[in-house]
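A note on names: the letters A, B, ... follow the listed sequences, proteins ahead of strands, and every chain is numbered from 1. These numbers come from the heavy atoms of this one structure, side chains and all, not from hydrogens, waters or symmetry mates.
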Protein chains: 2
Amino acid sequence: MSVEPAGQHTVRRLNAALVLGEIAATPGVSRAALAARTGLAKATVSTVVDRLVAARIVAEGEPMRRAGPGRRASGLALSPLGPHGLGVEIGVDYLACQLVDLAGAVRFQRITAGDNRNRKPSVVLTAVARLIKAATRAAADAGVRVGGIGVAVPGLVEQDTGLLRVAPNLGWQEVDIAREVAERTGLERVEVGNEADLAAVAEWRRTGLADFVRVSGEIGIGAGIVLDNALFRGVRGFAGELGHVSVVPVGGDRCRCGADGCLETVAGQEAILRAAGVASIEDLTTRLSTSDGPAVAAVAGAGRVLGTALAGLINVMDVPAVVLGGTYAVLEPWLREPVLAALGERVAEPVEVLRSAWDTDAAAHGAATAAVQAIMADPDAFAERVADQ
Amino acid sequence: MSVEPAGQHTVRRLNAALVLGEIAATPGVSRAALAARTGLAKATVSTVVDRLVAARIVAEGEPMRRAGPGRRASGLALSPLGPHGLGVEIGVDYLACQLVDLAGAVRFQRITAGDNRNRKPSVVLTAVARLIKAATRAAADAGVRVGGIGVAVPGLVEQDTGLLRVAPNLGWQEVDIAREVAERTGLERVEVGNEADLAAVAEWRRTGLADFVRVSGEIGIGAGIVLDNALFRGVRGFAGELGHVSVVPVGGDRCRCGADGCLETVAGQEAILRAAGVASIEDLTTRLSTSDGPAVAAVAGAGRVLGTALAGLINVMDVPAVVLGGTYAVLEPWLREPVLAALGERVAEPVEVLRSAWDTDAAAHGAATAAVQAIMADPDAFAERVADQ
DNA sequence: GTCATTACGTTCAGGCACTGAACTAATAAG
DNA sequence: CTTATTAGTTCAGTGCCTGAACGTAATGAC
């Protein structure tokens with residue numbers, strides 16, 4: 001019962017995804033090359049591609065020049081007029097929105113500042129709906145469809161229901177964001193996800209890494225884990241809660257989660273600022289750039305502890321790369337060495353440590369990418385939806 | 001290229017696995033009930049079942065009694081004469097072997113004691129080959145086929161190659177066990193796996209839990225992780241190395257891995273015995289059963305630290321259950337409370353803590369089960385192999 | 001005992017997706 | 001202009017699933 005019975009449609013779906021994946025990986029491929037790469041017959045590739053073109057997912061370019069004899073191939077690529085992903089990020093002090101095409105290009109982008117702490121969900125979600133409407137209008141103006149909507153929130157999102165369980169930094173609890181947004185915009189297909197998870201998706205998009213953890217230090221410490229080119233969410237969707245791993249077993253500070261000595265109490269943004277004796281990240285970086293002793297030591301200390309916690313994650317999950325995001329990306333020049341040192345001590349296999357390729361709106365991009373990715377993973381379902389109208 | 005193109009055969013495979021899974025889950029089902037449960041047409045179920053019966057994977061029982069009118073259904077179940085899994089466990093001081101049928105029943109079993117520490121791989125593997133031959137003979141005598149062989153080793157096994165990288169407690173490095181065993185027995189299809197992983201598979205078989213971690217404390221501390229009814233191995237196959245998570249950040253004892261303050265140095269078997277001031281686990285349990293203060297305190301201390309480390313794993317991976325195995329299963333009555341207490345402090349969601357259902361040869365059973373499971377997951381491939389002869 | 005009823009399992013034409021071979025299309029080189 | 005070469009399409013053929021009709025086997029009312 002849990003698995004659907006397979007039929008011809010299953011074959012079609014799988015092959016559509018296979019072909020589309022190959023087109024995405026190598027823009028400009030010909031049908032003949034696709035047949036060779038996928039192992040499908042040329043005839044099959046042609047029909048699959050025809051369906052993808054009809055659904056506007058793939059676009060056929062001009063015949064390509066070739067060296068030597070033979071008919072010229074017409075290059076296939078993801079269509080810039082294909083379905084777009086719309087991503088919204090509900091940050092603690094901003095809302096971000098992105099409209100992203102199938103290839104990952106940003107078509108529309110907006111960030112609105114504003115403290116969302118302890119504002120009622122209904123108020124914030126009305127603003128979110130406004131952003132979505134603006135992005136939808138932008139899509140309509142460009143003549144493209146919105147294929148799916150993603151919303152990133154800094155909190156625990158239940159996998160099955162999509163319910164936001166709790167977002168400590170917003171002061172929210174038990175909010176059905178998908179429903180609220182759908183009610184306000186009239187749009188379905190709203191997927192809600194954790195901010196750290198979706199930021200990892202954005203990172204995956206930009207780096208192409210198949211397996212990594214992305215840690216970002218903001219008010220909390222979140223980890224988004226990508227394994228085998230897919231987000232690892234855990235059984236209920238709560239995976240990646242690195243902030244409350246124990247790093248000071250005895251005598252640690254009390255954490256807002258109730259336990260003592262959590263990673264967050266040592267390597268969280270606030271803790272680092274306190275240890276360095278500064279008021280803001282800007283102050284901290286200025287001090288660091290002048291090699292101010294206490295500041296460097298504070299960051300190094302946090303880095304060692306962060307590295308130790310990451311080593312635990314890596315030993316348990318066997319992930320070969322770490323991406324530093326958010327505040328950690330800003331501090332990367334001073335954080336990198338101590339993190340690497342701690343990892344080197346505790347992990348047998350080599351681990352890469354990288355700096356995030358994103359600034360602020362990683363999660364918004366990730367939310368949009370996730371929506372796009374849902375289509376890429378099952379283009380045939382989307383094509384069917386299009387055909388139904 | 002990474003994914004195979006789909007065809008009719010794909011449909012057949014998927015449906016064969018679907019039907020077989022349903023038969024395994026509800027022994028005695030009728031074809032009609034299978035059709036209702038799977039969503040397949042009755043005709044399809046019939047042909048799929050016919051193939052499974054022809055391959056001896058499924059057996060058709062006597063027509064069943066029914067209350068009320070109507071033709072009686074013939075109950076379908078996993079055939080006791082179907083392919084068996086053969087599992088061998090290379091322990092530090094024993095070799096264990098099991099022959100297991102599709103339903104999980106043990107058909108043949110043998111344990112041979114003997115210290116394998118620092119014995120050359122070739123010597124031990126010759127003994128392993130002897131065990132395999134004995135089990136194969138037992139299978140032949142019973143008129144059943146060996147469908148696959150699994151070997152469990154206490155060390156790091158590379159996912160892709162099946163190579164044993166290092167087994168510290170055996171003193172082995174870089175051994176191609178599959179090849180060595182194949183050379184000595186003439187049998188192919190030898191899969192090598194980590195002992196903790198395969199013990200978790202055995203646990204999964206017996207408990208039916210879909211998601212859990214099984215920790216066992218022996219000389220090292222290993223964790224086998226099952227997520228969504230499948231083993232979680234990590235990218236390279238090294239997941240579950242819980243023993244070297246840091247639990248004493250400053251001033252911890254030096255671990256044999258080179259780092260300080262690993263979980264193993266506090267909650268490993270040796271560490272517990274030392275803290276309790278006894279020489280063996282038997283001594284320890286006698287003291288515990290008389291509520292000897294130092295012994296109880298030593299185990300409770302180890303339990304708290306183990307629980308803290310597990311809390312980290314759970315926060316990062318979102319697993320809802322922990323199974324205590326190996327030495328931890330023996331100490332479970334005294335370990336349970338402190339582990340639960342530590343988990344309660346650090347994990348928001350409820351976590352179940354269970355005692356392993358297995359004694360010594362969990363890994364051997366898991367290795368056999370893994371071999372069987374490979375057939376269950378793709379019975380059509382097995383049927384084809386049978387048909388080819 | 002007979003017959004209507006009920007449910008299980010099989011048979012068979014029909015549809016759908018992929019395949020391979022033959023075919024058309026387009027291009028460069030001689 | 002012809003030949004060689006590569007791209008893409010057409011079409012009969014095959015395999016698997018489906019749904020309806022049918023055969024089969026049992027129950028229970030008369």
Given protein heavy atoms under 4.0 Å, the one-letter contact record of nucleotides 10-15 of chain D, with B base, S sugar-phosphate only and - none, is simply BB---B
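- Qualifying side chain to side chain donor-acceptor pair (under 3.5 Å) partners for Asp50(A), counting only residues two or more places apart in sequence or in other chains: none.
- For Arg107(A), the CZ atom is densely surrounded, since the number of other residues' heavy atoms within 6.0 Å is greater than 12.
- Asp318(B) pairs by the salt bridge (Lys or Arg N to Asp or Glu O under 4.0 Å) definition with Arg236(A), not counting sequence neighbours.
- Residues satisfying the salt bridge (Lys or Arg N to Asp or Glu O under 4.0 Å) test with Asp380(A), not counting sequence neighbours, are Arg12(A), Arg51(A).
- Within 6.0 Å of CZ in Arg56(B) there are 12 or fewer heavy atoms belonging to other residues, nucleotides or ligands.
- Phe382(A) is linked by a ring pair (Phe, Tyr, Trp, His ring centres under 6.0 Å) to nothing, counting only residues two or more places apart in sequence or in another chain.
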All N/O donor-acceptor pairs, side-chain side in residues 57-69 of chain A, below 3.5 Å, sequence neighbours left out:
{"residue": "Glu60(A)", "atom": "OE1", "partner": "Arg31(A)", "partner atom": "NH2", "Å": "2.7"}
{"residue": "Glu60(A)", "atom": "OE2", "partner": "Arg31(A)", "partner atom": "NH2", "Å": "2.4"}
{"residue": "Glu60(A)", "atom": "OE2", "partner": "Ser74(A)", "partner atom": "OG", "Å": "2.7"}
{"residue": "Arg66(A)", "atom": "NE", "partner": "Arg71(A)", "partner atom": "O", "Å": "3.2"}

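- Counting all heavy atoms, side chain and backbone alike, Ala139(A) lies closest to Val146(A) at CB-CG2, 3.8 Å.
- For DNA chain C, the outermost nucleotides in 5' to 3' order that have an atom under 4.0 Å from a heavy atom of chain A are dG15(C) to dA28(C).
- Between the side chain of Thr44(A) and the backbone N or O of Leu40(A) there is no donor-acceptor pair closer than 3.5 Å.
- Taken from CG in Asp141(B) to CZ in Phe108(B), the straight-line distance is 10.0 Å, to the nearest 0.5 Å.
- For the pair Asp211(B) (side chain) and Asp228(B) (backbone), a donor-acceptor distance under 3.5 Å is present.
- When the salt bridge (Lys or Arg N to Asp or Glu O under 4.0 Å) test is applied to Arg13(B), the partners found at least two apart in sequence or on another chain are Asp378(B).
- Residues His84(B) and Arg145(B) have side chains not in contact (no heavy-atom distance under 4.5 Å, counting atoms from C-beta outward).
- Partners of Arg72(A) by salt bridge (Lys or Arg N to Asp or Glu O under 4.0 Å), not counting sequence neighbours: none found.
- If you find the closest nucleotide of DNA chain C to Gly7(B) and to Ser74(B), the one lying nearer the 5' end belongs to Ser74(B).
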What does nucleotides 25-30 of chain D look like as a protein-contact string, B for base, S for sugar-phosphate only, - for none, at under 4.0 angstrom between heavy atoms?
BBB---
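- For Gln373(A), the CD atom sits in a packed shell: over 12 heavy atoms of surrounding residues, nucleotides or ligands are nearer than 6.0 Å.
- Not one side-chain nitrogen or oxygen of Asn15(B) sits closer than 4.0 Å to the OP1 or OP2 atom of dC16(D).
- Within a heavy-atom distance below 4.0 Å of DNA chain C, the residues of residues 26-35 of chain B found are Ser30(B), Arg31(B), Ala32(B).
- An angle of 20°, rounded to 10°, separates the two end axes of the helix from dG1(C)-dC30(D) to dG30(C)-dC1(D), each defined over five pairs.
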